[in-house]
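A quick note: this is a predicted structure, and the numbers were derived from the prediction, not measured.
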Amino acid sequence: MASGQSKIERLHAAGIIVAEHFSESDKKIVDQITDEEINVLIKLRQRMGAVPQGKEHLRPNIPV
């Protein structure tokens with residue numbers, strides 16, 4: 001894990017998710033994602049570019 005951050009914190013810092021929108025049960029599911037998968041999601045976000053502030057709900061945050 002990067003610099004002591006949780007997986008949800010890493011995804012939030014990378015602009016992939018809005019952590020406040022996740023319930024405790026959602027966070028437990030995210031904790032099951034491997035570090036390698038987290039790294040891939042972060043790389044995808046970097047390649048796709050940032051989501052406009054407040055518009056994260058208008059398009060998928062990751063390719064589907």
Side-chain angles (χ1 to χ4, degrees):
M1 227 178 286
S3 64
Q5 290 182 313
S6 71
K7 292 175 182 178
I8 201 116
E9 290 169 334
R10 288 181 63 201
L11 293 172
H12 179 80
I16 297 168
I17 63 168
V18 177
E20 295 82 29
H21 294 176
F22 278 64
S23 68
E24 287 305 313
S25 63
D26 293 334
K27 290 177 184 180
K28 287 178 185 177
I29 293 169
V30 171
D31 284 338
Q32 295 174 7
I33 298 172
T34 67
D35 286 332
E36 183 177 301
E37 292 168 325
I38 297 289
N39 292 336
V40 168
L41 292 171
I42 291 170
K43 286 180 185 178
L44 281 170
R45 171 50 54 217
Q46 290 169 345
R47 288 187 181 187
M48 292 175 64
V51 176
Q53 193 75 330
K55 304 280 184 175
E56 68 277 346
H57 63 286
L58 295 178
R59 66 181 174 126
N61 272 334
I62 58 172
V64 289

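Heavy-atom minimum distance, V18 versus H12: CA-ND1, 3.7 Å. Of all heavy-atom pairs spanning G4 and E9, the tightest one is O-OE1, 4.4 Å. Closest approach of L41 and I16 over heavy atoms only: O-CD1, 3.3 Å.
A chain of hydrophobic side-chain contacts below 4.5 Å, direct or via other Ile, Leu, Val, Met, Phe, Trp or Tyr residues, connects I8 to I33.
Between N39 and R10, some side-chain heavy-atom pair lies under the 4.5 Å cut-off.
Within 6.0 Å of the NZ atom in K27, the count of heavy atoms belonging to other residues, nucleotides or ligands exceeds 12.
In terms of the side chain to side chain donor-acceptor pair (under 3.5 Å) criterion, residue partners of S23 (sequence neighbours excluded) are, by chain and number, S25, D26. In terms of the side chain to side chain donor-acceptor pair (under 3.5 Å) criterion, Q46 has no residue partners (sequence neighbours excluded).
The closest donor-acceptor contact from the side chain of K7 to the backbone of I38 lies at 3.5 Å or more, if one exists at all.
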